[in-house]
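Worksheet: the structure to be examined is printed underneath.
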Amino acid sequence: MIPAVAAAVLVVVAGLAVVSRPGAAAAALGDIAQAARRAVPLDVPSGSFLYRESEAVDLVVRPGSDLGVDREHVVYLLPTERQEWRRPDKRFFQLATTASTPIFFDQATKRAYEAHDGPTLDRVGEVVVERFTDVADPILETDWPTIPDDLEAAMSATLAEGGDTRPLEVQLFDLAADLLRDATDPRLRAAVLQVLAILPVDLVGRRDDGTIVIALDDPGPPPGRGMLTIAADGTLLAESTTWLDADPVIGIPANTVISRTTYGPVEIVDRLPDQ
């Protein structure tokens, strides 16, 4: 099992030595990229599934009327445990999600949630299974280059088609996270890390086992910060998004982690749990 996600509004990166010297992030990412290229590719036998567990905390925004509150929106953080099974060759994906007790920003919202059966709205404690078949995944199904310069060009070209108005480096950072999250080819992971190395990322810290945490600021609005925790072999261990400014309209304080996911290792299984 993977470590539990801390049930807190503000997530603190623990056990890391803070590193801030110029070029530290690029050097660390380069070292991990070299290690990733030497890793053994994941062997997925025919008919098998890629299986992974994760834990997340995400911002929920609901109409105030859902909880009997006389304001436009109510907000809180909802922790979930997730299990996913993926078979890319058949375009198959199954997700089992279990929500737990929310984290509230104020006692008034908590009382309204409890009084108006909020747990039923969020299906707290219930295992919700979703199954998708023959659904295309552009990220997984693209034949991405494994040469860093070519990959950066391909990523930029893909992003240019999306109409996103955020700075290109922020978009590249997010797409890099998407690729690292599901990449099974070590060469692709290595190339993604080398693309990240050319972005203006900060090295937040490094653990003794080679794990690093990098961050990139988004000027917004709202201004935010994305963070990626990357293992010594280039696999993505965690990702998060923080809103740096308060939002008094919906009641979110400054420096709130509005989304954080921690990933367990990818395993190979030969069947679904209901087979």
Salt bridge [X]-[Y], side-chain N to carboxylate O under 4.0 Å:
| X | Y | value |
| --- | --- | --- |
| Asp137 | Arg86 | yes |
| Asp202 | Arg225 | yes |
| Arg189 | Asp182 | no |

Verify, without hydrogens or angle tests, whether [X] (side chain) and [Y] (backbone) share a donor-acceptor contact under 3.5 angstrom.
| X | Y | result |
| --- | --- | --- |
| Glu55 | Pro79 | no |
| Thr211 | Arg207 | no |
| Gln83 | Leu95 | no |
| Thr256 | Pro253 | yes |

Checklist entry - Do Leu179 and Leu236 belong together in a cluster built from hydrophobic side chains that touch within less than 4.5 Å? => result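 Linked, Leu179 and Leu236 end up in one cluster.
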Next on the checklist: Would you say Val128 ends up clustered with Phe132 if hydrophobic residues are merged whenever their side chains have heavy atoms under 4.5 Å apart, either directly or through other cluster members?
Outcome noted: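 Looking at the clustering, Val128 is in a separate group from Phe132.
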Checklist entry - Considering only heavy atoms from C-beta outward, does the side chain of Leu228 approach that of Leu196 to under 4.5 Å? => result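 When only atoms from C-beta onward are counted, Leu196 and Leu228 do touch, with a gap below 4.5 Å.
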Checklist entry - Just wondering, do Thr133 and Arg91 contact through their side chains at under 4.5 Å, heavy atoms? => result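 A side-chain contact is absent here, since even the closest heavy-atom pair is not under 4.5 Å.
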Next on the checklist: Using 0.5 Å steps for rounding, measure from the CD1 atom of Ile250 to the CZ atom of Arg62.
Outcome noted: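 Here the rounded value is 14.5 Å.
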Item to check | Under 3.5 Å side-chain donor-acceptor pair for Tyr263 and Arg181 | outcome: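 Present: a donor and an acceptor within the cut-off.
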Checklist entry - Looking only at heavy atoms, which two atoms of Arg87 and Ser48 are closest? And how far apart? => result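 For Arg87 versus Ser48, the nearest heavy atoms are CG-O, 3.7 Å.
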Item to check | Working for salt bridge (charged side-chain N to carboxylate O under 4.0 Å, His left out), residues Arg166 and Asp174 | outcome: CA-CA 11 Å; Arg166 295 178 301 161; Asp174 286 351; 2.7 Å; yes
Checklist entry - Under 6.0 Å between ring centres, would you say that holds for Tyr113 and Phe104? => result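 Yes.
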